[in-house]
Amino acid sequence: MGNLMGSWRYKEPSTVEECDSTWETDSESDELQPGGEEEDSGISESMSPADAVRDPLHPNREEMKRSFYAAKDLYKYRHSYPNYKEPRRLNEYRNLRFYLNKIPLVPDGIYIEEILTKWRGDYEKLEHNHTYIQWLFPLREQGLNFYAQELTQDEIKEFQSTREAKRRFLLAYTIMLDFFGIKLLDKNGNVARAPNWQDRFQHLNESQHNYLRITRILKSLGELGFESFKLPLVRLLLEEALVEGTLPNMRHSALEYFIYTLRQHRQRRALLRFAQRHYQPPENFIWGPPKKKRIPASGSTGMKSGKNEVVEKSVGKARSPREGRNLEREADDMDDRKSGEWKTAKGSKVLQEGRGRVDLEEYIETIPL
């Protein structure tokens, strides 16, 4: 029969529907059941980010549409860049060497240790310098700083096995969290409001270019072995945007980008269900579960075939049973709780009081990487 896999060719998705498999199987299992039919995804057709159409029933109201650009970008990321070609030039592991403090970032000539020791709390520098973010959070895609080198598969493996690089990466992550008004609580990636959250959230709500930085940080966490850190951060940002109302301008970016950096279907579904319960106006929520297709009386089915989706895999480390179940089901339990009781900033305060305050940098030194 020949090698069927050898003849497989990657096909670029052409619609939002082809990019998003979040609701492909809406069950506790992320795998399609044998013989199960795929349902209509309920997602709009391909549209540009600014596209919208008029609702014929309400001519004065525009119908919201998903961004094809965003969906395609996150599809490629979740599937490990299926059409990615390794650069032909010699791989110098420049990202790893930067994190080992052997070379400075280009073009500014700044070493990682200087950033880690002198930039924390320097919000003006973190806000207005636009060359460091591609070095602190490298990806397998080109950013605005063309001096920064894209990650490769070999470099990712080497980075993940280098303790010193991962330690510094976590410290860089905490610097950016503090810049956003957030603090890292533990080695599982749980986060909460930082003491400076009011001023920083106000700034974050008004400086929307930082949403691009957050998307990059989330992607880089997944690439370099911290996939499990993404869910707590996205969960907190969603609650602040939709429930607390502290980051209302972040709603669209959180729903269109942040959630879709998560590689596990079940995590995305839990967050989207939570978001749907709190989104206003509810009729404009376009990321929800699909409507089931009605089977024609004649018995024929409208099965869709030929999708080029591949199974999404999480590259993060396995969570503990407690962490995995709690994080993925918290959003589904919100109907039975008061809106203020979801375990984010308030719950994290109890966590800290129970074990005492520990200097964050000293604590990261003890994390078993």
Side-chain angles (χ1 to χ4, degrees), residues 77 80-81 84 86-87 89-120 126 129 131-143 145-180 182-191 213-230 232-233 261 263 313-319 358-369:
Y77 166 75
S80 299
Y81 304 93
Y84 177 76
E86 295 281 342
R89 65 181 180 273
L90 180 65
N91 190 342
E92 301 174 347
Y93 289 179
R94 294 182 68 190
N95 298 290
L96 177 58
R97 291 167 62 204
F98 168 71
Y99 261 103
L100 293 178
N101 209 45
K102 293 182 178 180
I103 62 172
L105 68 82
V106 181
D108 296 343
I110 303 171
Y111 284 84
I112 182 64
E113 273 302 308
E114 180 179 345
I115 295 176
L116 297 180
T117 57
K118 297 181 180 180
W119 285 35
R120 182 182 295 274
L126 291 169
N129 186 306
T131 60
Y132 70 90
I133 198 72
Q134 293 84 9
W135 287 87
L136 287 188
F137 302 98
L139 298 173
R140 279 179 283 174
E141 57 187 75
Q142 185 64 57
N145 182 353
F146 291 97
Y147 293 102
Q149 191 176 73
E150 299 172 25
L151 281 172
T152 64
Q153 291 277 18
D154 291 339
E155 188 176 21
I156 289 173
K157 294 177 183 178
E158 194 69 24
F159 196 108
Q160 291 183 4
S161 63
T162 306
R163 178 184 177 86
E164 187 65 12
K166 294 183 72 175
R167 183 189 69 83
R168 287 194 173 112
F169 180 80
L170 275 187
L171 289 174
Y173 179 52
T174 64
I175 288 176
M176 294 308 298
L177 287 180
D178 175 73
F179 173 66
F180 298 139
I182 301 170
K183 60 183 176 182
L184 180 65
L185 295 178
D186 55 39
K187 64 182 180 182
N188 295 319
N190 291 309
V191 292
R213 290 176 167 180
I214 292 174
T215 300
R216 185 179 188 92
I217 290 169
L218 289 166
K219 288 180 175 181
S220 191
L221 285 169
E223 292 283 66
L224 298 178
F226 295 94
E227 177 75 20
S228 63
F229 279 46
K230 289 152 64 170
L233 177 58
T261 66
R263 287 185 167 102
K313 300 178 182 179
S314 171
V315 300
K317 296 181 180 178
R319 295 189 182 85
V358 181
D359 179 79
L360 184 57
E361 294 193 17
E362 180 181 342
Y363 180 75
I364 289 178
E365 294 280 0
T366 67
I367 295 179
L369 301 177

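Atom set for the values below is all heavy atoms of this structure, side chains included, hydrogens, waters and symmetry mates excluded. Residues: numbered from 1 along the sequence shown.
Nearest heavy-atom pair across E150 and E155 is O-OE1, 4.1 Å. Listed here is the closest heavy atom pair of Y147 and P107: CD1-CD, 3.9 Å. Of all the heavy atoms in P104 and G109, the pair that sits closest is CB-C, 3.4 Å. Residues Y77 and T261 approach most closely at CE2-O, 3.3 Å, considering heavy atoms. For the residue pair I110 and F98, the shortest heavy atom distance occurs at O-CE1, 3.7 Å.
Looking only at distances, a side-chain donor or acceptor of T174 sits under 3.5 Å from a matching main-chain atom of L171. At least one donor-acceptor pair under 3.5 Å links the side chain of T162 to the backbone N or O of E158. Without hydrogens or angle criteria, N188 side chain to N190 main chain gives no donor-acceptor distance under 3.5 Å. Under a 3.5 Å cut-off, the side chain of N145 and the backbone N or O of I133 do not form any donor-acceptor pair. Without hydrogens or angle criteria, S220 side chain to L139 main chain gives no donor-acceptor distance under 3.5 Å. Side chain of Y132 to backbone of L126: a donor-acceptor contact under 3.5 angstrom is found. When atom types are taken as modelled, the side chain of E227 and the backbone of R263 share a donor-acceptor pair closer than 3.5 angstrom.
Note on ring orientation: taking the six-membered ring where Trp is involved, the planes of F169 and F226 are parallel (angle under 30°, cut-offs 30° and 60°).
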Item to complete: With side chain to side chain contact (heavy atoms under 4.5 Å, CB included) as the test, would you mind laying out the steps for Y173 and L233 before giving the verdict?
Response: CA-CA 11 Å; Y173 179 52; L233 177 58; 3.6 Å; yes
Fill in: Worked check of side chain to side chain contact (heavy atoms under 4.5 Å, CB included) between V106 and R94
CA-CA 10 Å; V106 181; R94 294 182 68 190; 3.6 Å; yes
Discussion item. Run L177 and I217 through side chain to side chain contact (heavy atoms under 4.5 Å, CB included) and show every step you take.
Written reply: CA-CA 10 Å; L177 287 180; I217 290 169; over 6 Å; no
Worksheet item: Checking side chain to side chain contact (heavy atoms under 4.5 Å, CB included) for the pair I115/L105: CA distance, chi angles, key distance, verdict?
Response: CA-CA 10 Å; I115 295 176; L105 68 82; 3.7 Å; yes
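In this structure, CG on L151 lies 9.5 Å from CG on L96, to the nearest 0.5 angstrom. Note that CD of Q134 is 11.0 Å distant from CG of N95, once rounded to the nearest 0.5 Å. Between atom CE of residue M176 and atom CZ of residue R216 there is a gap of 11.5 Å, rounded to the nearest 0.5 Å. One finds the NZ atom of K219 at 3.5 Å from the CD atom of E141 (value rounded to the nearest 0.5 Å).
Between Y99 and L136 there is a side-chain heavy-atom pair separated by less than 4.5 Å. At least one side-chain heavy atom of R140 sits under 4.5 Å from a side-chain heavy atom of S80. The side-chain heavy atoms of L224 and K166, taken from C-beta on, include no pair separated by under 4.5 Å. The shortest side-chain heavy-atom distance between Y93 and D154 falls under the 4.5 Å cut-off. No side-chain heavy atom of I112 sits less than 4.5 Å from a side-chain heavy atom of W135.
Look at E113 and R168 and you find a salt bridge, because one of the NZ, NE, NH1 or NH2 atoms lies within 4.0 Å of a carboxylate O, short of that distance. A salt bridge does not link K230 with E223: every distance from a Lys NZ or Arg NE/NH1/NH2 to an Asp or Glu carboxylate oxygen is 4.0 Å or more.
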